[in-house]
Q: 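Quick one: this structure, given as structure tokens, is what I'll be asking you about.
Given the structure is predicted, the values throughout are model-derived calculations rather than measurements.
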Amino acid sequence: MPDNEKQFEQDIESFLISPAGGWQKAADAGYRATAELALDLGTLVRFVQATQPIQWQRFEKQCGSDPEVKFYRAFENAVENDGLISVLRHGFKHRGIEFRVCYFKPESTLNDVAVKHYGQNICQCIRQWHYSGQNNNSVDMMLAVNGIPVVAIELKNQLTGQSVDNAKRQWMFDRDSREPAFRLNRRILVFFAVDLYEAVMTTKLDGTKTYFLPFNQGSNGPGRDGGAGNPPSPDGDYVTSYLWKDVLQKDSLLDILQKFISLQVKKEKVPQKDGTQKEIAKKSVIFPRYHQMDVVRQLIQDVRTNGPGKNYLVQHSAGSGKSNSIAWTAYRLASLHNDENRPIFNSVVIVTDRTVLDAQLQETVSGFDHTLGSVVTIDEKKSSKDLRDALNDGKRIIVTTLQKFPVIYEQVDDTTGKAFAIIVDEAHSSQTGQSAMKLKMALADTHDALAEYAELEGTTRTISQETRLQVREWIDQTAEQIAAISGAEARVIWSDITSALINDPQVSREAAEVAKGLGDHIQVVTNRPLSLGGDNFAEYQRFVPGCYAYIGTANTDLPSTLNSLHNGNFDLDENALVLGAGLYVGYALWWLGRQEKP
């Protein structure tokens with residue numbers, strides 16, 4: 001255990017510049033020479049000349065003189081307009097010439113040029129980085145990609161009486177957020193404060209308002225129940241060694257720059273002095289917390305190893321960035337390729353009941369890879385037909401609700417040989433049963449889905465209790481026989497909902513007499529067939545004797561009233577409403593006037 005900060009810093013550097021760490025040891029001379037630029041222009045130009053010689057030659061001819069200075073201006077204009085994250089991922093165009101300032105690891109090794117370009121990145125680890133032209137302040141450690149500073153670290157050692165809290169205060173009070181190197185999404189993308197036992201991070205320096213997030217694994221390690229903090233390192237190294245071994249290792253950090261870190265823009269209304277509200281765009285850089293990075297990488301690695309067809313359950317506590325984890329997972333699954341450089345999944349379907357996720361997902365994924373196309377959201381403004389078309393067209397990422405699948409599950413094209421990744425946002429109990437079954441049937445082989453699980457719902461209606469028991473016995477036997485043919489099991493669950501509707505004879509006679517007294521034109525039919533309708537009234541009659549009467553439903557002058565009540569062509573004779581009110585009032589008065597009440 002080092003007894004001073006310098007030794008701690010040296011031990012971290014020793015790993016980072018080792019073959020396992022992947023970084024090159026460098027001094028900050030190139031940055032100090034042009035401190036006002038907040039980058040090592042010489043290293044950046046050297047990278048572009050080595051990887052894009054034809055573009056550089058064209059650029060030199062266009063410039064005539066001072067090509068390096070003019071290249072810096074073109075680069076800086078792109079960063080000012082699009083942000084560093086976008087420029088790192090997609091490069092920039094200047095007068096018809098496209099430049100890349102970083103190359104990322106290809107999904108497949110089949111592309112030799114992409115593999116070569118990735119190896120040509122100049123990734124430097126610099127200790128005591130003097131970042132300003134205004135003073136001689138330095139940051140303990142900085143990581144740069146092709147001369148562009150992307151990560152800054154302040155280190156503290158408890159054995160010298162300082163901790164991560166001192167490092168946080170250093171970022172807040174001793175580092176000016178107006179410095180070109182520290183402006184949001186211009187150079188440094190994440191600021192770490194680290195001691196022997198804990199790590200925190202922020203993506204925006206804002207003086208006393210700077211907000212740090214924990215970057216710990218949890219007391220028992222990632223994915224295990226426990227409290228705050230970190231467990232001892234399994235190899236006896238520093239407790240916080242996971243930061244430079246798992247996160248800041250060269251391939252890992254470049255992966256984060258390509259597939260995790262993102263710019264989010266939220267619109268907020270700010271009150272003005274005159275009482276009005278002004279809408280502003282609030283920008284923030286999102287860097288994955290350790291648990292987010294860990295779970296996404298574990299999922300992707302398992303899918304890459306075992307292929308599609310497995311189920312995973314991810315527990316995300318409130319406020320821990322679930323939406324971003326879903327977005328990152330969806331993007332990674334949509335861009336995942338096999339050894340033959342073919343996509344593993346035809347589409348990634350996110351099932352959610354939230355609308356906020358849609359817009360955020362759209363922004364996050366489109367910021368990663370322009371080739372994937374936009375995210376298709378099937379919200380309340382769209383129909384199940386739009387979901388069907390998106391699935392049939394092979395859209396890469398689709399966001400929808402579970403309830404749209406029962407409508408289109410039979411209309412999805414043949415899915416034989418296709419694979420779909422389904423991400424369910426919150427595994428509520430509502431996402432089981434019939435709707436979930438229809439999702440499976442839409443995206444999988446129908447026989448396989450049915451063989452695994454099927455749920456059928458229905459209603460039986462009978463007049464007598466004896467017939468009800470006979471029907472149940474017959475359905476139970478039929479279900480067992482059908483299941484046995486396929487080598488499956490069947491279980492029928494019965495629920496008594498209502499009784500059969502049978503009018504009380506005495507009340508029926510009384511009501512008929514009252515109805516006849518309402519006028520000579522009244523026709524009373526008392527011998528109607530027994531009814532399977534009026535469920536609610538049937539339950540009422542279990543406790544109170546009653547009579548269920550049809551009024552205005554058999555007028556021969558109005559054929560629509562002769563149809564069954566459940567027929568779409570049925571229509572009520574509205575003139576009978578007065579008759580119905582008269583029957584209710586007449587029977588009430590008759591009952592109240594009786595000498596003997598029942």
Q: Checking K168 against E154 for the salt bridge (Lys or Arg N to Asp or Glu O under 4.0 Å) test, could you report, in this order, the C-alpha distance in whole Å, the side-chain angles of both residues, the deciding distance, and whether it holds?
A: CA-CA 8 Å; K168 288 164 62 176; E154 289 289 1; over 6 Å; no

Q: Given the rule in the side chain to side chain contact (heavy atoms under 4.5 Å, CB included) test, do F260 and R297 qualify, once you have shown the distances and angles that lead to the verdict?
A: CA-CA 11 Å; F260 281 97; R297 284 180 169 174; 4.1 Å; yes

Q: Just so I know, are the side chains of E198 and Q158 near enough to count as touching, which here means a heavy-atom distance under 4.5 Å?
A: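 No, side chains not in contact.
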
Q: Is the closest side-chain heavy-atom distance between Y290 and N230 below 4.5 Å?
A: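 A side-chain contact under 4.5 Å is absent here.
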
Q: Out of curiosity, E76 CD to F92 CZ, how far, rounded to the nearest 0.5 Å?
A: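 Answer for the CD-CZ pair, E76 versus F92, is 10.5 Å.
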
Q: Distance to the ring centre below 6.0 angstrom and angle to the axis at most 45 degrees; does that hold for K204 and F287?
A: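 No - K204 does not lie over the ring of F287 by the 6.0 Å and 45° rule.
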
Q: Nearest 0.5 angstrom please: S132 OG to R32 CZ, how far?
A: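 The distance works out to 10.5 Å.
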
Q: Under the side chain to side chain donor-acceptor pair (under 3.5 Å) test against N146, which residue among N121, T43, D40, T51 passes?
A: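 Of the listed options, the one satisfying the test is N121.
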
Q: Can you confirm whether Q134 is buried at CD, in the sense that more than 12 heavy atoms of other residues, nucleotides or ligands lie under 6.0 Å from that atom?
A: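 At most 12 heavy atoms, drawn from other residues, nucleotides or ligands, come within 6.0 Å of this atom.
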
Q: Measuring from atom CG of N185 to atom OG of S262, what distance do you get when rounded to the nearest 0.5 angstrom?
A: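 Separation between the atoms: 10.0 Å.
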
Q: Could you please spell out the steps behind the side chain to side chain contact (heavy atoms under 4.5 Å, CB included) verdict for V314 and L299?
A: CA-CA 10 Å; V314 179; L299 280 171; 4.1 Å; yes

Q: Does the ring center of Y103 lie less than 6.0 Å from the ring center of Y118?
A: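 They do not qualify: ring centres at least 6.0 Å apart.
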
Q: Judged by atom type as modelled, is there a donor-acceptor pair below 3.5 Å linking the side chain of Q52 to the main-chain atoms of Q55?
A: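 A pair under 3.5 Å: no.
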
Q: Working note: I153 + E9, criterion side chain to side chain contact (heavy atoms under 4.5 Å, CB included); need CA distance, chi angles, decisive distance, verdict.
A: CA-CA 10 Å; I153 312 168; E9 183 181 310; over 6 Å; no

Q: Do E268 and K283 sit within salt-bridge range, that is, some charged N less than 4.0 Å from a carboxylate O?
A: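 A salt bridge is absent here (no side-chain N lies under 4.0 Å from a carboxylate O).
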
Q: So, for Y131 and F182, is the gap between ring centers shorter than 6.0 Å?
A: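 Centroid separation for Y131 and F182: below 6.0 Å.
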
Q: Please determine which of K250, R332, K105 meets the salt bridge (Lys or Arg N to Asp or Glu O under 4.0 Å) test together with D255.
A: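 Going through K250, R332, K105 one by one, the salt bridge (Lys or Arg N to Asp or Glu O under 4.0 Å) with D255 is satisfied by R332 alone.
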
Q: A quick test of your reading: do over 12 heavy atoms of other residues, nucleotides or ligands sit less than 6.0 Å from CG of D235?
A: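 Result for CG/D235: enclosed.
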
Q: Any chance you could measure I126, atom CD1, to L143, atom CG, to the nearest 0.5 Å?
A: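 Between I126 CD1 and L143 CG, I get 8.5 Å after rounding to 0.5 Å.
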
Q: Evaluate V349 against L391 for side chain to side chain contact (heavy atoms under 4.5 Å, CB included), listing each step before the verdict.
A: CA-CA 9 Å; V349 181; L391 290 168; 4.0 Å; yes

Q: Would you say Q277 has more than 12 foreign heavy atoms packed within less than 6.0 Å of its CD?
A: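 Yes, CD of Q277 has more than 12 neighbouring heavy atoms, counting only those of other groups under 6.0 Å.
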
Q: Tell me the closest heavy-atom pair linking V194 and V164, and the distance in Å.
A: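 In this case the closest contact between V194 and V164 is N-CG2, 4.1 Å.
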
Q: Rounded to the nearest 0.5 Å, how far does CD of Q10 lie from CZ of F15?
A: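 That separation rounds to 16.0 Å.
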
Q: Indicate yes or no: at least one non-hydrogen side-chain atom of F8 is less than 4.5 angstrom from one of D140.
A: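 Counting from C-beta outward, F8 and D140 never come under 4.5 Å.
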
Q: Rounded to the nearest 0.5 Å, how far does CG of N166 lie from CG of L155?
A: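 Answer rounded to 0.5 Å: 12.5 Å.
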
Q: So, do Q301 and Q298 sit near enough that their side-chain heavy atoms are less than 4.5 Å apart?
A: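 Side chain of Q301 against side chain of Q298, heavy atoms only: no contact under 4.5 Å found.
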
